[in-house]
Amino acid sequence: MEQRPFEIVAYQDRHADDFARLNREWLDSFGLYEEPDGKHLYSPREYILDPGGEIFIAEEDGCVVGTCALVPVSDHVFEVAKLAVAHEARGQGLGRRLAELALNRARERGATRVVLLSSSKLGPALKLYESLGFEHRPLPGHQPYETADVYMELEMSSVPSDTPMASQNT
């Protein structure tokens, strides 16, 4: 199968509706949407970008087909969040590219650890995270999602620094 030409760009306010739509679609399809999701989805500037986070947007022919956020947790810890790929764009390695880009940005920003919360309902996503080196850990005592039953961490020292940077365009 021929690989499709995805372009990954930095979030701009014009992406707000698509960022919310793509993430809401998968959250709703698995019965995972919760009120704390709404903060990120409907106010990404306030809850992700202004605190120092980043959002990566994958486009194909000007249409948003993927998202991934990198959210600061502390000075040297970041969270990968809101990784979403449109149904029609799945199976092309786009989720991996978005996640790798987020991890490389975390490394550039001095991260020692990257974390994530997920659900055991999301088998393919968990396999992706495991293949990137994330390891399962006990859920933190306090986290905002009732449906989150998976917590994973990636120690950045365990990831070779010569890992190729995810290409911005293909």
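Since we're looking at a predicted model, the values are computed, not measured.
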* Set of residues satisfying side chain to side chain donor-acceptor pair (under 3.5 Å) with respect to S74, sequence neighbours excluded -> none
Once rounded to the nearest 0.5 Å, what's the spacing between atom [atom1] of [X] and atom [atom2] of [Y]?
{"X": "E60", "Y": "E7", "atom1": "CD", "atom2": "CD", "value": "11.5 Å"}
{"X": "R97", "Y": "I8", "atom1": "CZ", "atom2": "CD1", "value": "4.0 Å"}
{"X": "L101", "Y": "F56", "atom1": "CG", "atom2": "CZ", "value": "4.5 Å"}
{"X": "S43", "Y": "D50", "atom1": "OG", "atom2": "CG", "value": "10.0 Å"}
{"X": "I55", "Y": "L49", "atom1": "CD1", "atom2": "CG", "value": "4.5 Å"}
{"X": "N104", "Y": "E100", "atom1": "CG", "atom2": "CD", "value": "7.0 Å"}

Tell me whether [X] shares a hydrophobic cluster with [Y], the cluster being built from Ile, Leu, Val, Met, Phe, Trp, Tyr side chains joined at under 4.5 Å.
{"X": "Y42", "Y": "L27", "value": "yes"}
{"X": "L103", "Y": "L117", "value": "no"}
{"X": "Y33", "Y": "L122", "value": "yes"}
{"X": "L139", "Y": "F134", "value": "no"}
{"X": "V80", "Y": "L132", "value": "yes"}

* Asked: Should we count NE2 of H136 as having more than 12 external heavy atoms under 6.0 Å?
  -> yes
* Could you tell me whether D17 atom CG has more than 12 heavy atoms of other residues or ligands within 6.0 Å of it? => no
* Step-by-step side chain to side chain contact (heavy atoms under 4.5 Å, CB included) determination, L116 to L83 -> CA-CA 10 Å; L116 63 87; L83 177 59; over 6 Å; no
* To do: Give a yes or no on whether the backbone of V73 and the side-chain of E79 come within a donor-acceptor separation of less than 3.5 Å.
  => no
* Asked: Is a side-chain donor-acceptor pair under 3.5 Å present for Y151 with E153?
  -> yes
* Worked check of side chain to side chain contact (heavy atoms under 4.5 Å, CB included) between F30 and T147 -> CA-CA 10 Å; F30 286 95; T147 59; over 6 Å; no
If I compare all heavy atoms of [X] with all of [Y], which pair ends up nearest, and what's the gap?
{"X": "F78", "Y": "P72", "value": "CD2-CA, 3.6 Å"}
{"X": "R45", "Y": "P51", "value": "O-CD, 4.1 Å"}
{"X": "I48", "Y": "L70", "value": "CG2-O, 4.3 Å"}
{"X": "E155", "Y": "T112", "value": "OE1-O, 3.5 Å"}
{"X": "Y145", "Y": "P36", "value": "CE2-CB, 3.6 Å"}
{"X": "D149", "Y": "S119", "value": "OD1-CA, 3.2 Å"}

* So I57 and D18, side chain to side chain contact (heavy atoms under 4.5 Å, CB included) or not? Walk me through it. -> CA-CA 9 Å; I57 301 292; D18 290 316; over 6 Å; no
Do [X] and [Y] come within less than 4.5 Å of each other through their side chains, counting heavy atoms only?
{"X": "R90", "Y": "P124", "answer": "no"}
{"X": "K39", "Y": "E46", "answer": "no"}
{"X": "H15", "Y": "V9", "answer": "yes"}

* Please determine which of D28, L22, N23 meets the side chain to side chain contact (heavy atoms under 4.5 Å, CB included) test together with W26. => N23
* Asked: Hey, is R24 close enough to D37 for a salt bridge, meaning N to O under 4.0 Å?
  -> no
* To do: Determine, for R105 against E108, whether the closest basic-nitrogen to carboxylate-oxygen distance falls under 4.0 angstrom.
  => yes
* Asked: Taking it one step at a time, do R109 and E54 satisfy side chain to side chain contact (heavy atoms under 4.5 Å, CB included)?
  -> CA-CA 11 Å; R109 294 180 62 181; E54 299 180 56; 3.0 Å; yes
